[in-house]
Amino acid sequence: MSSSEETPSNFIYDIIRDDLKSGKNDGRLMTRFPPEPNGYLHIGHAKSICVNFNARTLKEGAICNLRFDDTNPAAEDVEYVDSIKEDVRWLGFDWGGNIFFASDYFETLYQFAQRLIQDGKAYVDSQSIEDIRKNRGDFYKPGVNSAYRDRSVEENLDLFQRMRAGEFDEGSHVLRAKIDMASPDLNLRDPLMYRIRKTTHHRTGDAWPIYPIYDFAHGLSDAIEGITHSICTLEFQDHRPLYNWFVENTGPGNQPQQIEFARLNLTYTILSKRNLQKLVESKRVGGWDDPRMPTVSGLRRRGYTAASITNFCERIGVTKRDTVVDVGLLEHSIREDLNAKAPRVLAVLRPLRVVIENMPEGEVHEFEAPYHPKDESFGNRIVPLSRVIYIERDDFLEDPPGKFKRLAPGREVRLRYACLITCNEVVKDDAGEIIELRCTWDPESLGGMPADGRKVKGTIHWVSAAHAIPARVNLYDRLFNKENPMSNPDGVDFLDNLNPDSMETLNECLVEPSLSSAKPGDHFQFERTGYFNLDPLAAKGSYQFNRTITLRDTWAKKGS
RNA sequence: UGGGUCGUCGUCUAGGGGUAGGACAAGGGACUUUGAAUCCCUGAACGAAGGUUCGAUUCCUUCCGACCCAACCA
């Protein structure tokens, strides 16, 4: 975590490097990742986490704080605090002892507010919520001063103390900064600093009947911690003057620099906590960690690795452009990582029974098969073959098209790692459905190569009926079938863009016996079908696999 | 009709007064006991118009387009 050799370059890191070089902030570098614990982290947060935590590579001894922006108890919960910590850690980032909560600063913030009142820079406003909104004006019309704007310092102090003491009802008073009701930046039109909320806070309980608002709390929390570079997303650009105002007029000396970058957008994906919450609450998904969710916990359960996510975040870069990243890039990142890391195994998703007629019942042949085609360190395992096997339904076609190289009547194909078989007969039920294939094998082709050197193009996967383990497999696909789920013809809700086929459960899969030692969360490549992991949350001892991503399939692509 | 920000291949992103680079996607080929992986090749971009300049995608001006802002959310 030192030399900036492998540190990616972007405009934020350029600013930081310049500041470091010029000796700004006494050469200190401190960033922070400031989530509000009101939902689960998603891949957009992962981008922010990478930007903030990886900034540490720019300077020996640099620090990145994990700070919870928990100033709105109505929306927040410890469940979210816990999941956020777990997700940040899982992504591979260690905040050491630097974990903080804005709620830890409530007392200090309260004193800062009193100081602003004393300096005549803040006042208690007693207008109704409607009047506050109305008097704020709009984009083209300046606001008008509140009738309470010129209350005396003494009265303001008294009122504010009584707000804090819990004497007033919600909505009766707020504390506002006295800046400029005519500012073209609406944020500067006497922004609210405190509102009365008699809500129990997940950390401070009922100690506070008033809670600070983001603009007041955030910048000052940064200043208190000694943050040097406060990195956030573009929508806060308009807040920067306010951020600076609070720190300049109140802060403990240190003036952090707010820098904004564009938040992540992904095709076929929504990344707003509000809408993700809608999916959860409307039960369109199984929860925040549903494998179809773009949450860190969902991706993890789906089988995405931390490395694939951080690599992805590095690839997309950091800029101020409002862009939409092709979800295919994320998919590429996980294929790339799993290609290197996942052992290969044989698993049949939609089994078709095959009887090898010239192999006696009870006879078992064992083949040694490598777990990885390119990396010997993965080792080998034994796969058993016997008279009855199962192959993938898709790997047999009664009337195959020209370039189909799998099994068909009269054709020969290789069973991966094992031998060659030829299809002699197709057995159908009364409905005409193919229920079984009768084949013969070439005992001279042990391992898969024929003794006479004849060419066999097709290789398919299979399992031995007597040895296979029954399994359930969840096939996941994109949650939405529209590239931009949020752009809709009038009246159509984004929920109407859900992909009805985003999940398909296969209950009669068969996997090779070596999988008996698989542990929850383990990643595998089921040869020729995709990458899967043993569901980390599945019941103990059950074989439930989640499909992380399919293999690239140029054959299917050409066919369509 | 206000304020803020942004326009580079289909997508994301470098670069920067002198041949516009990379990744993903796409197309083609080689290899292959995964129609995977790997390797090779190909096509593909500076929003527009003026100005400055020997030369502008880069600097200037204007225009056009996109996004954000009027929660007691963050």
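Below, chains carry the letters A, B, ... as their sequence lines are ordered, and counting in each starts from 1.
Nearer to the 5' terminus of RNA chain B, by closest-nucleotide assignment, is the contact made by Asn10(A) (compared with the other of Asn10(A) and Arg414(A)). In this structure, His372(A) and Leu329(A) both approach RNA chain B, and ranking their closest nucleotides by distance from the 5' end singles out Leu329(A).
A sub-4.0 Å separation between OP1 or OP2 of rA26(B) and a side-chain N or O of Lys557(A) is present. Taking side-chain N and O atoms only, Ser333(A) has no distance below 4.0 Å to OP1 or OP2 of rC24(B).
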Give every donor-acceptor pair under 3.5 Å between a side-chain atom in residues 401-408 of chain A and any protein atom, sequence neighbours left out.
{"from": "Arg406(A)", "atom 1": "NE", "to": "Asp395(A)", "atom 2": "OD1", "distance (Å)": "3.0"}
{"from": "Arg406(A)", "atom 1": "NH2", "to": "Asp394(A)", "atom 2": "O", "distance (Å)": "3.3"}
{"from": "Arg406(A)", "atom 1": "NH2", "to": "Asp395(A)", "atom 2": "OD1", "distance (Å)": "3.4"}

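Thr319(A) comes within contact range of the sugar-phosphate backbone alone, with a heavy-atom separation under 4.0 Å but no base atom that close. At a threshold of 4.0 angstrom between heavy atoms, the contacts of Arg315(A) are confined to the sugar-phosphate backbone, with no base atom among them. Among the heavy atoms of the strands, none lies under 4.0 Å from Lys273(A). Among the heavy atoms of the strands, none lies under 4.0 Å from Lys457(A). At a threshold of 4.0 angstrom between heavy atoms, the contacts of Arg321(A) include nucleobase atoms, whether or not backbone atoms are also involved. If you check every strand for non-hydrogen atoms under 4.0 Å, Lys141(A) touches nothing. Across all strands, Phe526(A) comes closer than 4.0 Å to no nucleic acid atom at all (heavy-atom distances). Here Arg335(A) lies out of heavy-atom contact (under 4.0 Å) with every strand. Backbone-only engagement by Val324(A) is indicated by non-hydrogen atom pairs under 4.0 Å involving sugar-phosphate atoms exclusively.
For the P atom pair drawn from rG55(B) and rC64(B), the interatomic distance equals 29 Å after rounding to whole Å. Straight-line distance between the C1' atoms of rU5(B) and rC41(B): roughly 41 Å, to the nearest whole Å. rC69(B) and rU8(B) are spaced 28 Å apart, taking the C1' atom of each and rounding to whole Å. If you take atom C1' in rG22(B) and the same atom in rG17(B), they sit 23 Å apart, rounded to whole Å. The same atom, P, is picked in rC12(B) and in rG51(B); the two are 32 Å apart, to the nearest Å. Taking atom C1' in both rC39(B) and rC46(B), the straight-line distance is 32 Å, to the nearest Å. A gap of 15 Å separates the P atoms of rG43(B) and rG28(B), to the nearest Å. rG15(B) and rA74(B) have their P atoms separated by 36 Å, given to the nearest Å.
Between Trp288(A) and His42(A), the ring center distance fails the sub-6.0 Å criterion. Ring-centre distance between Tyr110(A) and Phe160(A): below the 6.0 Å cut-off. For Phe246(A) and Phe112(A), the gap between ring centers reaches or exceeds 6.0 Å.
A donor N or O paired with an acceptor N or O is not found under 3.5 Å between the base of rG4(B) and the side-chain atoms of Arg240(A). In the interface, the side chain of Glu260(A) is not paired with the base of rU5(B) through any donor and acceptor atom under 3.5 Å apart.
When the P atom of rU5(B) is taken as reference, atom CZ of Phe261(A) falls 18 Å away, rounded to whole Å. Between Asp553(A) atom CG and rA26(B) atom P there is a gap of 12 Å when expressed in whole angstrom units. Remark: P of rA37(B) and CD1 of Ile334(A) are 14 Å apart, rounded to the nearest angstrom. With rounding to whole Å, Lys374(A) atom NZ is found 7 Å from rU38(B) atom P. Taking atom CD of Glu331(A) as the reference point, atom P of rC12(B) lies 16 Å away to the nearest angstrom. Between the NE2 atom of His332(A) and the P atom of rG10(B) there is a distance of 20 Å, given to the nearest Å. Rounded to an integer number of Å, the gap from Asp14(A) CG to rA14(B) C1' is 11 Å. Atom CD of Glu483(A) is separated from atom P of rG10(B) by 14 Å (rounded to the nearest Å).
For the pair Arg344(A) and Tyr371(A), the cation-pi test (distance below 6.0 Å, angle within 45°) is failed.
In this structure, OH on Tyr194(A) lies 4.5 Å from CG on Leu109(A), to the nearest 0.5 angstrom.
Annotation: salt bridge (charged side-chain N to carboxylate O under 4.0 Å, His left out) contacts involving residues 31-51 of chain A, sequence neighbours excluded, comprise Arg32(A)-Asp222(A).
With the 3.5 Å cutoff on both pairing distances, Watson-Crick and G-U pairs in RNA chain B assemble into runs of at least 3 at B:2-7 with B:64-69, B:10-13 with B:21-24, B:26-30 with B:38-42, B:47-51 with B:59-63.
In this structure, the salt bridge (Lys or Arg N to Asp or Glu O under 4.0 Å) partners of Arg454(A), at least two apart in sequence or on a different chain, are Glu412(A), Asp442(A), Asp452(A). Qualifying salt bridge (Lys or Arg N to Asp or Glu O under 4.0 Å) partners for Glu235(A), counting only residues two or more places apart in sequence or in other chains: Arg263(A).
Of the possible polar contacts, none joining the Lys121(A) side chain to the Ile179(A) backbone as a donor-acceptor pair under 3.5 Å is found.
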Which letters describe nucleotides 64-74 of chain B, given B = protein heavy atom under 4.0 Å from base, S = only from sugar-phosphate, - = neither? ---SBBBSBSB
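Between the side chains of Thr200(A) and Asp206(A), a donor-acceptor pair is found at a separation under 3.5 Å. Between Asp190(A) and Tyr123(A), the side chains place a donor N or O and an acceptor N or O closer than 3.5 Å (distance only, hydrogens not considered).
A syn base is found at rA71(B): its glycosidic angle is within 90° of 0.
Distances from the side chain of Arg416(A) to the nucleotides rG35(B), rU34(B), rA25(B) place rU34(B) closest. Relative to the side chain of Glu527(A), the nucleotides rU34(B), rU5(B), rU38(B) differ in distance, and rU34(B) lies closest.
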